[in-house]
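Computed from heavy atoms alone, side chains included, the values below leave out hydrogens, waters and symmetry copies.
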Amino acid sequence: MDYQAILDRLHKDFIPDTAMGNVASYIPELSKVDPLKFGIYLYAHDGSSYEFGDSQEKFSIQSISKVFTLTIAKELLGKELWKRVNVEPSGTAFNSLTELEREKGIPRNPFINAGSIVVADALLTVLDNPKKDLLKFVRKLCGSEDIHFDESVARSEKKHGYRNKALVNYMKSLGNITNDTEDILDFYFYQCSLAMTCDQLSKAFMLYANEGKHFRSQEQVIDPQSVKRINAIMQTCGFYDEAGEFSYRVGLPGKSGVGGGIVAVHPQHYSVTVWSPILNDKGNSALGMKVLEDLTTLTGLSIF
Ligand code: DON
């Protein structure tokens, strides 16, 4: 497969345009990003890699971090975790409050904010220093020590995170939150503030494209059964109320973040990250969705 020729074609065909939408602004610090940034990095199963544009520039990974925290929590808690969070698609926005009351404080899945907040709470219970452990895990996965939280993004979200405060307090009132709500949100906002490049994210996500093995050392980090489950949740819940659309158009498990990043994996083939900060009305990268649709069309490869 000539991935570089396909990426070169995508680079020529797609040009970010501010008419497509706006960058995220509900976290003021995120609104400072240049909307015209555009990069892609594909890491193939044979160890080769392909890229263009701003693929080596760090951006705020936001909700993509939910895959990392779920992976750690699943390893540490196993089936216990599923007593507190379900694995059903939500069909609602990432920060929705509506189904929590009906479903008695059990979030629909670990990728909506409510679900990831429950995962954060679970990690606070079992880890002495969740921030340090998360950094260590992500650094190991992508083989780079140069991974850090962006303090200004974390602070900015903390200051304006009214919906997340509502979610955690509501779940606390319904008995699904154990730790101090401020401590949970502090960890959650920091996990979302992780700054990474397309290169680093694609390498880290090879875990999910390589049966749980590290992209470089081939060490078995998590078992293939876990990968199967996490990929299934990415496929059905990775894009909130646009999960069906992403499945239909792209045909790969993936995860988005309001920083404009999307990571998708094709098990046994590749892991790919696109970054373009202009979002569509569902909060997913507008250009990222289109580029990945063409990538799977031009390669003729998808899981379906
Ligand atoms: O909780 C929030 O609002 C953000 N820190 C993360 C949201 C996000 O990335 C949703 N994904 N598209």
Determine, using ring centers only, whether [Y] and [X] are less than 6.0 Å apart.
X	Y	result
Y50	Y41	no
F205	F68	yes
F38	F52	yes

Check: Once the angle between the rings of F239 and F246 is folded into 0 to 90°, is it parallel (under 30°), tilted (30 to 60°) or perpendicular (over 60°)?
Finding: parallel

Note to self: In terms of relative ring orientation, are Y3 and Y270 parallel, tilted or perpendicular, with 30° and 60° separating the classes?
What the structure shows: perpendicular

Between [X] and [Y], is there a side-chain N and carboxylate O pair less than 4.0 Å apart?
X	Y	result
K290	D294	no
K37	E57	yes
R249	E293	yes
E80	K83	yes

Within the side chain of [X], is there an N or O that forms a donor-acceptor pair under 3.5 Å with the backbone of [Y]?
X	Y	result
T296	V250	yes
N109	E88	yes
K255	G238	yes
S25	P28	no
S63	G257	no
R163	N95	yes
H214	K140	yes
S202	D199	no
S156	E29	yes
D17	A19	yes

Taking atom types as modelled, is there a side-chain donor on [X] or [Y] under 3.5 Å from an acceptor on the other?
X	Y	result
N113	K66	yes
T178	T125	no
S48	D46	yes
Y26	E157	no
Q235	N231	no
E211	Q220	no
Y208	T71	yes
N86	E103	no
S65	Q191	yes
S90	E99	no
D121	Y188	no
E245	N284	no

Is [X] atom [atom1] crowded by more than 12 heavy atoms from other residues, nucleotides or ligands, each under 6.0 Å away?
X	atom1	result
D128	CG	no
Q218	CD	yes
K136	NZ	no

Check: Rounded to the nearest 0.5 Å, how far does CG of D150 lie from CG of L194?
Finding: 9.5 Å

Check: Going through the checks in order, is the side chain to side chain contact (heavy atoms under 4.5 Å, CB included) test met by V263 and S271?
Finding: CA-CA 7 Å; V263 192; S271 158; 4.3 Å; yes

Check: By salt bridge (charged side-chain N to carboxylate O under 4.0 Å, His left out), which residues pair with D146, not counting sequence neighbours?
Finding: K58

Margin query: Can you list everything that forms a salt bridge (charged side-chain N to carboxylate O under 4.0 Å, His left out) with R9? Sequence neighbours excluded, please.
Written below: D13

Would [X] end up clustered with [Y] when hydrophobic side chains under 4.5 Å apart are linked, directly or stepwise?
X	Y	answer
W82	F111	yes
F94	L97	no
V153	I64	no
V119	F149	yes
L123	I61	yes

Next item on the list: Report the residue from S96, P107, P89 that forms a side-chain contact (heavy atoms from CB on, under 4.5 Å) with I112.
Entry: P107

Check: Any cation-pi pair here, K158 with F189, using under 6.0 Å and within 45°?
Finding: no

Margin query: For G105 versus N176, what's the shortest heavy-atom pair and its separation?
Written below: O-ND2, 2.9 Å

Checklist line | Beyond-backbone contact of L81 with V85, side-chain heavy atoms, under 4.5 angstrom | finding: yes

